[in-house]
Amino acid sequence: MTHNSHPDGLTAKDAHISYLQRVQSAQGESSRIKLVWENDRWREWSQGDLHEVVNGDMMAKLEQWLEEGESDSVFCLKSSGNSLHLIKTITPDPHKPPSTFVITTLPTNFKHAKTSSQSGTPVPSSPMSVLPLSLPVIDLSRATSSVSTESRSQIALSHDPPADIDCKSLLECTDWGKTKLGPRNKWPPVLETMIEVVMRSPTQDSLWLGEDFQMLYNNNYSQIVHHPLMWGRSAKVKEAWGPVWDGVSHLIDRCLTGGEPCYREDDLLLYRKGPQGYWVEKYHTWSFIPLFDVDGTPLGLYNPTRETTNAVVAKRRQETMRDLSEHLLIARTSKEYYASIVEVLEQNSKDVPFLMCYSVQEDAQSNEVNLELESSIGIPKDHAAAPSFLKLPLPSNQSVRSNYGSRGGQLSSPTLSAISVLSSGGGKVHYSYDTHSWPIAKAITTRQAVVVDDCTQLIKGFPLRQWEALPQSAIVIPISSEASADVPQAVFILGLNVASPLDEVYEEWIHVLKAHLISSLGSVRAAEAEQSRQLERDRMERAKTAWFQGAAHDLRSPLTLVAGPLDDVLRTQLLPEQKTALSLAQRNLTRVQRLVNSLLDFSRIEAGKLAGRFVPLDLGRFIDDLAVLFRPAIARKRIDYRIAVDPHEAAVFVDPTLLETVVTNLISNALKYTEEGSITVHLTYLESYAEIAVTDTGIGIPAGELSAVTDRFHRATTALSRGTEGTGIGLALAKEIVRLHGGDLIITSRTAEESGAAHGSTFTARIPLIERQVIEDPHLPGNFGVYGKAVVEEAMHWMLPNDIDSESAGSDINGSTSSREESLLFEKNDVLLLVDDNNDMRQYVKSIFRPYCQIIEAVNGKQALEIARKDPPNLILSDLMMPVMNGQDLLSAIRADPVTRAIPMILLSAATDDELRLAAFAEGVEDFMLKPFKPKELLARVHLHMQMRKSRAHLEMMHAQRQQELAVILDYCPSGLVRADQTGAVIYGNDTYRLYSGIPRGVDLGNWPDYVDTQTHERLLCSWDKIVNGDQRETTLTWKFANGTSVSGTFVRLDLVNPTMTGILGCISDISYQEEKLLEAERRRKEAEESKQQQELLVDLTSHEIRTPVSAILQCSSLVRENLSVLQAQLRTATNGGFTPTSQMLAELEEDIEALDSKLTENNTQLTSAGIHQCGLIQERIANDVLSLARVQLDMLTLHDYEMNLKVEAKKTDHVRLHQVITNLISNAIRFTATSSTRIITVRYDVALSAPAADTCAPPVEMDTTISAPVPEDTRVWLYIAIKDTGPGLGPTEQKALFQRFSQGNSMVHTKYGGSGLGLFICKRISELLGGRIEMESELGVGSAHTGTPSVKQSFDDSVKSLTITSPASNIKATVPSSGLKPKDSLHLLVVEDNVINQTVLKRQILKAGLTCDVANHGQEALDAIHRVYSKAATGSEGRPPYDVILMDLEMPVMDGLTAVKHIRQAEASGIFDRQLVIALTGNARQGQIEQALAAGMDDVVIKPYKLPDLIAKMRHKVKQKNTDQA
């Protein structure tokens, strides 16, 4: 086979490169499909013999294609799911038939030249036909036929046109008639419009049309799909959007059904796989817009999209770099550095699937490097690919940066073909094909990144953090500049994103990441170096401070042993010479102590341990008071001493103790070197600082020594020549203290030799006038002038050494041991544990305390701790610095042991370090004293703390006893007690509480909600939350536990009782028995209510049944009387020509009328006759009394306030009951006065604001009738009613039983006058219910007087009214009643009554009165009658007129009155009826029933029996009011 190149110059090497760019390429020769040569890529694809990987049908089609005499035609070869687009070139040989071919894969960027087919025939229609490079009409019918998606894809792959075809041209040449879309000329206009929009759009737009969503797109969209493979094909196929179809199908359905567009931004779509078969991350911003025809038929979707992969990935990586920079910026150690890297990169699992961070240490001697795994991401523990420690050898030429290997200039891996140079750094990236180890040594030696082409074997077992598979490749990054010859300080192994190509952008990000890591690691290493240097300096300072502290201890301990005994000897009786010598020793001892203190201050200043404790103070007063101390000493030398202080209002922030040292040293220095002249202390204030100047006329300082005069231990030559004593440390210490204040010490001086005359020095301390932080230290010494007084006392001896008062040295201790014994409260059994390693010091301290208590000695802290644990002392007095265990450690051990924790402890130390002192106080030391100490002070402090310990022990014992007593009380308390903390958690509950709640012992009380009854659980939790978080001091709750115990608890918030306390206290009581009582009471109440309801029902029924026949009697008698009266009048006026009644007939008729008219005749003293009507009235009154009695007996008689007009004097009382009382009293007077010769009844009433006397119903003698207006509402007034008659009267015996039930004075009253004996009893009870009372005065033969005092509300000023009724005993003439109705006033009524007698009588009375009416037997008939009226009116036919008034009984069968009126009102609301005027007629006079009737819809209620004229007047009034309201 002859190897020829491709017509356009494509070689095997070119095809190889294109393959690496995901453009598959192959080359070979075929003779009946026998390959005689193939390159590596073809062999890799075919994996052996072509016949073994290609099936028979595909091979036959391939042979057919090869036999055709056309070059540059395209064929799709499929094998095992993979496909190749092949193009052939025929080797030109005129002597032989075409037999040699060059076959290559078709790159996507291959440009086809248009060539004509030899035959000039169009593309064959076979599914696997060859498509010429010219552009004929394309047949899509096979792609859109009813075959599977996989089959369609295979068909389409066999004959798709080249990839560079323009979409507009493809649109025109496609035969759409063979598709489901049909011929293009039949497409809707809206579709053509959208096609034009898509083709002209500058973005990536597509149309998905028809049921199969066939895709039409523009050239921009073709860049994201397999073009032209997907042209006109369904979007569902896997080559298009099939992989993501399940995720968007529901959105498509929503768009087409609801017409709702959808939009997604930066959506991750996994629809494209890379060469290795894994999904490639693609991000799109896309939308679906439904397309509809003009008739609403869905046509498909408009799918504009934009690929945003680069932007999304760039943003993600940029955010990672930003977070990494922020975290690394604050890293100060290598540990923080590696931890920050892992913390940030772990969030980006897409680009960092795994990471290993190794630190590198070079071993120069062995030419090796040691690596340690500092941190990692996605690495299993103890994995073989990530060892914790590595040791690698380095080649001898490891520093040569060009050592890239024998193939360094070539790209030997398809995966690495795109990798060249990091764009920003210009460095080269190396590669490695080793699949079993990381190329760390290569990365270290070259200082450049090395990509591991295949790391799958290395990372087996790594966890999958992102995507569908572990990374295929990784990169080893040395953290070192490429220009550096040093070994990299770290090496990172980073897994590469399996879903993203390693392109230039990815490489650039890795390069920037490397630069950040290099820069940050350098900063961290520099910070660590600086920290190491600082630690070394601190170590040296601690060593220096420790030396000075040790020196101070070694100096102060012997000084203490000298000062103490010396002070004691000076207090004894000594000879003057002895005292002088000892005083001199004491003064020099004091000087040594000050020198030691100064040395320690210097050491603390240099170590930075001496910090100023600045406080605001009046600097002028401070300087003045301090300077005055030196006046006696300066005056002794006869030197002029001046103090000048300028005024200044503001306070100055200074350290008083340190500033006292400065000023004292300056003044004492001036005093020391001035023989004569003057010393001036001057305080002046400038703008930003204050100047304290001390000027003297002393010997001066030479100019050449001014700069060194403040150096330690330096003394001027002038001072040395004069033999003046000094240490050379005072001015140096003053300068350092002034600098500690932020100021400076300025010195000017002249000697006599330099100036020729004047000489002297000026020391000026400048103190800045600035505000400082105030540090409050309760242990800071507050004695002013201690240091100054000591210096002054020494200065006094400079001048007069032989004139010292021998007693001054010991002036601070004036009492003897015996006198001190009297003021101290030591007990002989008190034990003091003395701890010191110095035997002399122990003996000295022991001698101090021997007279007062017992002393136990220990030579170190360990021995003392053992003694204290075995037999605790009352107090421990210990030195600070000791061998084996020092005082600080002893203190910690004492406080840590519960046995010794409460023992008070005092530390003695020669070290003046504030840190030691504060640390001791922090550990719990009671006191801290410096050596040397004064015996009296030490004795006093030990005594104080020992007594405090005794008091504390006593209080603790009492407290423990009280706690035990309280525990006993709590355990045996019959109430449940509970304690909760401030969060509401229950921390204590006694046994009674557990009994109530049912919480067993051993169960946490915090689980109490689980033991609460379910019905009260939520309510109790809500209430408990309010108790815990609310502001109520005390809360009472009731609830039930699950065991059935009902409890009541009172809870108190302790912080609201006392702010210093916290938590909640509760006391719980068992109220189960109360609940049982309540249940029993509730049961009885319900039974009583039910019984009362039954009794009310009985009374109501009785009232109805009594009043109804009485009403019938009265109405019938009234009707008969009226008819007879009319008949009598007609008979009397009869003419002679007609019927003439006889005299006997008229007399009998007269008697009948009199009988009906209730005419009373008098026959001596007996009642001879009684009218029927009068009997009815009497029966009505008796019925009312009986019903009232029943209500009184059942406690059912209730009163209701009504507004009434009692001659405009009072209102708001129950006028019905008041009427009943007055009626009974007047009717009773009429009955008993009817047979008297003199019949006089006097009714009198008064209104007053004053109540009657306690024993009478008479009005007050002096009544206050004047009221200030306006009168307050509900003002109580009293109504006094008196009814007096001239009846027979009653005796004393009869009066006693008069107001009792069924009592009538004597047995003859009923026989003569009648009555039931209930009237006065009812009057008495009603008067009492009205808030008043009733009484009677009577005399036999004279008459009786009844007086009542009901109470009403709101009164007005009025005069007293009286009414006198006098009438002779004469017959009452009968009159013919007149209805008073005129025809024009006629009303049309509907009478609804189930009692036939009442119905008939009422109808006759109504008709007699000139009115018209209809009747109904019950409520249903009434409704039917009303419906008939309005139905006829609606049809226009004539019928009965509407009813003006409906008179309706309440108690009726079938349908009662209340139900009927409700139906009437409902029909009115529906517009069926006009407004009906309904008045209820009932025998039930109870107020509750009246209100019930009104509430049901009645316009008014009339109680039976009634008077017809009153009823007619009421009806006319209601009709008039209704007409007025409607108008």
Side-chain angles (χ1 to χ4, degrees), residues 973-978 986 989-990 992-999 1008-1027 1030 1032-1052 1064 1066-1104 1187-1201 1214 1217 1325-1326 1328-1331 1450-1451 1456 1458-1459 1484-1496:
C973 180
S975 298
L977 299 177
V978 64
V986 177
N990 64 354
T992 307
Y993 172 74
R994 288 185 180 272
L995 178 63
Y996 290 167
S997 62
I999 302 176
W1008 63 267
D1010 299 337
Y1011 295 85
V1012 178
D1013 184 67
T1014 55
Q1015 296 182 355
T1016 60
H1017 186 274
E1018 294 297 330
R1019 175 177 61 82
L1020 181 59
L1021 289 181
C1022 182
S1023 301
W1024 183 253
D1025 182 69
K1026 292 181 180 178
I1027 294 173
Q1032 292 294 326
R1033 177 176 176 178
E1034 180 180 334
T1035 305
T1036 300
L1037 302 174
T1038 59
W1039 72 94
K1040 180 185 288 186
F1041 284 107
N1043 58 6
T1045 304
S1046 297
V1047 296
S1048 174
T1050 300
F1051 300 93
V1052 179
I1064 302 170
C1067 181
I1068 300 174
S1069 301
D1070 186 358
I1071 59 170
S1072 300
Y1073 69 95
Q1074 294 183 6
E1075 184 175 350
E1076 294 174 358
K1077 289 184 177 180
L1078 291 175
L1079 292 176
E1080 178 65 20
E1082 180 65 16
R1083 184 183 62 79
R1084 293 181 179 179
R1085 184 189 64 79
K1086 290 182 179 180
E1087 291 178 354
E1089 287 184 354
E1090 184 178 357
S1091 176
K1092 185 177 181 181
Q1093 291 176 357
Q1094 296 296 331
Q1095 293 169 351
E1096 288 180 351
L1097 181 62
L1098 176 62
V1099 171
D1100 292 341
L1101 180 62
T1102 304
S1103 174
H1104 181 269
L1187 293 175
S1188 296
L1189 174 63
R1191 290 190 176 95
V1192 170
Q1193 292 282 68
L1194 298 176
D1195 197 20
M1196 293 168 49
L1197 188 64
T1198 57
L1199 303 180
H1200 301 272
D1201 287 347
D1214 194 330
R1217 299 303 177 189
R1325 292 304 303 271
I1326 292 177
E1328 292 173 351
L1329 291 175
L1330 289 173
L1450 293 184
E1451 302 292 337
D1456 58 52
L1458 296 180
T1459 305
N1484 296 327
R1486 188 161 54 86
Q1487 183 63 32
Q1489 291 182 319
I1490 295 174
E1491 293 176 353
Q1492 182 182 9
L1494 295 175

Any side-chain heavy-atom pair of Leu977 and Thr992 under 4.5 Å | no
Is the backbone of Tyr1011 close enough, under 3.5 Å, to the side chain of Asn1043 for a donor and an acceptor to pair up by distance?
-> no
Spatial distance of atom CG (Leu1021) from atom OG1 (Thr1016) [nearest 0.5 Å] = 9.0 Å
More than 12 heavy atoms from other groups under 6.0 Å of CD on Gln1015 = no
Does the ring centre of Trp1024 sit less than 6.0 Å away from the ring centre of Trp1039?
-> no
Does the side chain of Val978 come within less than 4.5 Å of Phe1051's, by heavy atoms?
-> yes
Do Thr1459 and Asp1456 have side-chain atoms, one donor and one acceptor, less than 3.5 Å apart?
-> yes
Can you see which heavy atom on Val1012 is nearest to which on His1017, and at what distance?
-> CG1-CA, 3.9 Å
d(Thr1045 OG1, Leu995 CG) to nearest 0.5 Å is 7.0 Å
Sequence-distant partners of Glu1080, side-chain contact (heavy atoms from CB on, under 4.5 Å), two or more places apart = Arg1083, Arg1084
Considering non-hydrogen atoms only, spot the tightest contact between Ser975 and Asn990 and give its length.
-> O-ND2, 3.1 Å
Mind checking the SG-CG spacing from Cys1022 to Leu1037? Nearest 0.5 Å is all I need.
-> 10.5 Å
State the CG-CH2 distance between Leu1020 and Trp1008, to the nearest 0.5 angstrom.
-> 4.5 Å
Run the side-chain contact (heavy atoms from CB on, under 4.5 Å) check on Ser1023 and Thr1035 step by step: do they pass?
-> CA-CA 9 Å; Ser1023 301; Thr1035 305; over 6 Å; no
Roughly how far, to the nearest 0.5 Å, is the CG atom of Leu1458 from the CD atom of Glu1451?
-> 7.5 Å
By side-chain contact (heavy atoms from CB on, under 4.5 Å), which residues pair with Ser1046, not counting sequence neighbours?
-> Lys1040, Ile1071, Ser1072, Glu1075
What is the minimum heavy-atom distance between Pro974 and Tyr996, and which atoms define it?
-> O-OH, 3.0 Å
Run the salt bridge (Lys or Arg N to Asp or Glu O under 4.0 Å) check on Lys1086 and Glu1089 step by step: do they pass?
-> CA-CA 5 Å; Lys1086 290 182 179 180; Glu1089 287 184 354; over 6 Å; no
Would you confirm whether Asp1013, through its side chain, and Gly1044, through its main-chain N or O, come within 3.5 Å as a donor-acceptor pair?
-> no
